[in-house]
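Heads up: numbering here begins at 1 and tracks the sequence.
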Amino acid sequence: MDKILINGLKLFAYHGVNPEEKENGQNFIFDIELSVNMNKACYSDHVEDTVSYAKVVKTVRRIFTSQKYDLLEKCAQVVSDAIFEEYPDVLKIELMLKKPEAPVSAEFSYMGVHISRSRS
């Protein structure tokens with residue numbers, strides 16, 4: 001299956017279980033892999049024949065920043081649901097959501113979740 005990749009998408013939002021996370025906010029990073037049949041676009045060279053990664057980024061930003069959630073798991077699911085809803089040509093989503101500024105007393109690159117969802 002062909003894939004559209006969106007890696008290192010940094011968004012600022014107000015998610016977390018601690019009150020200061022919902023008040024002060026922090027950066028989050030998405031790595032998203034969308035399985036799509038790109039045969040038509042490969043031959044036509046028309047953006048309307050594929051899933052526009054620019055439009056997907058707008059969707060992710062809108063959904064991710066519109067509410068405050070406690071868990072990364074919930075954030076990842078809500079974003080995946082929105083992608084499936086708005087882009088019927090997406091057959092599968094691999095989504096990693098990273099929290100590089102998680103309030104954990106340890107040295108780390110990021111904390112995060114990875115979910116894999118397929119269109120039913």
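- The side chain to side chain contact (heavy atoms under 4.5 Å, CB included) with Leu95 is formed by just one residue from the set Asp31, Ile115, Val60, Val113; it is Ile115.
- Placement of Ile4 and Ile93 within a single hydrophobic cluster is found when ILVMFWY residues are connected by side-chain heavy-atom separations under 4.5 Å, directly or transitively.
- Counting non-hydrogen atoms of other residues, nucleotides and ligands closer than 6.0 Å to OH of Tyr110 gives a total of 12 or fewer.
- With hydrogens and angles disregarded, a donor-acceptor distance shorter than 3.5 Å links the side chain of Thr59 to the backbone of Lys55.
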Can Gln77 and Arg117 be said to form a side-chain contact (heavy atoms from CB on, under 4.5 Å), step by step? CA-CA 9 Å; Gln77 186 63 52; Arg117 299 292 184 263; 2.8 Å; yes
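- Checking side-chain atoms of Arg61 against main-chain N and O of Leu11 turns up no donor-acceptor pair under 3.5 Å.
- The minimum heavy-atom distance between Leu97 and Ala76, with the atom names listed, is CD2-N, 4.2 Å.
- With hydrophobic clusters built from ILVMFWY side chains whose heavy atoms lie under 4.5 angstrom apart, Tyr87 does not share a cluster with Leu91.
- Atom CG of Leu72 is separated from atom CE of Met111 by 10.5 Å, given to the nearest 0.5 angstrom.
- With respect to the salt-bridge test (charged N to carboxylate O, under 4.0 angstrom), the residues Glu86 and Arg62 qualify.
- Atom NE2 of His114 and atom CD of Glu33 lie 7.5 Å apart (nearest 0.5 Å).
- Cluster annotation: Ile29 and Leu9 are assigned to distinct hydrophobic clusters (Ile/Leu/Val/Met/Phe/Trp/Tyr, side-chain heavy-atom contacts under 4.5 Å, transitive).
- Atom OG in Ser44 sits 12.0 Å away from atom CE in Met38 (nearest 0.5 Å).
- In terms of heavy-atom proximity, Glu23 sits nearest to Tyr14 at O-CE2, 3.5 Å.
- Across all non-hydrogen atoms, the minimal contact from Ala13 to Phe28 is O-CE1, 3.6 Å.
- In this structure, the separation between CG on Leu34 and NZ on Lys3 is 9.5 Å, given to the nearest 0.5 Å.
- Between the NZ atom of Lys40 and the CG atom of Asp89 there is a distance of 9.0 Å, given to the nearest 0.5 Å.
- Here Ser80 contributes atom OG and Lys92 contributes atom NZ; the two are 12.0 Å apart, rounded to the nearest 0.5 Å.
- Counting non-hydrogen atoms of other residues, nucleotides and ligands closer than 6.0 Å to CZ of Phe108 gives a total above 12.
- Just one residue in the list Lys99, Lys98, Glu101, Lys10 forms a side chain to side chain donor-acceptor pair (under 3.5 Å) with Asn27, and that residue is Glu101.
- Within 6.0 Å of the CG atom in Asn7, the count of heavy atoms belonging to other residues, nucleotides or ligands exceeds 12.
- Taking the ring pair (Phe, Tyr, Trp, His ring centres under 6.0 Å) definition, one finds that Phe30 meets it with Phe64, sequence neighbours left out.
- Hydrophobic clustering, with ILVMFWY side chains joined whenever heavy atoms are under 4.5 angstrom apart, groups Ile63 together with Val90.
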Step-by-step side-chain contact (heavy atoms from CB on, under 4.5 Å) determination, Val56 to Ile6: CA-CA 9 Å; Val56 172; Ile6 301 169; 3.7 Å; yes
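- Remark: the backbone N or O of Lys22 is paired with a side-chain donor or acceptor of Lys68 at under 3.5 angstrom.
- At least one donor-acceptor pair closer than 3.5 Å links the side chain of Asn37 to the backbone N or O of Asn39.
- The number of heavy-atom neighbours closer than 6.0 Å to CZ of Phe84, taken from other residues, nucleotides and ligands shown, is above 12.
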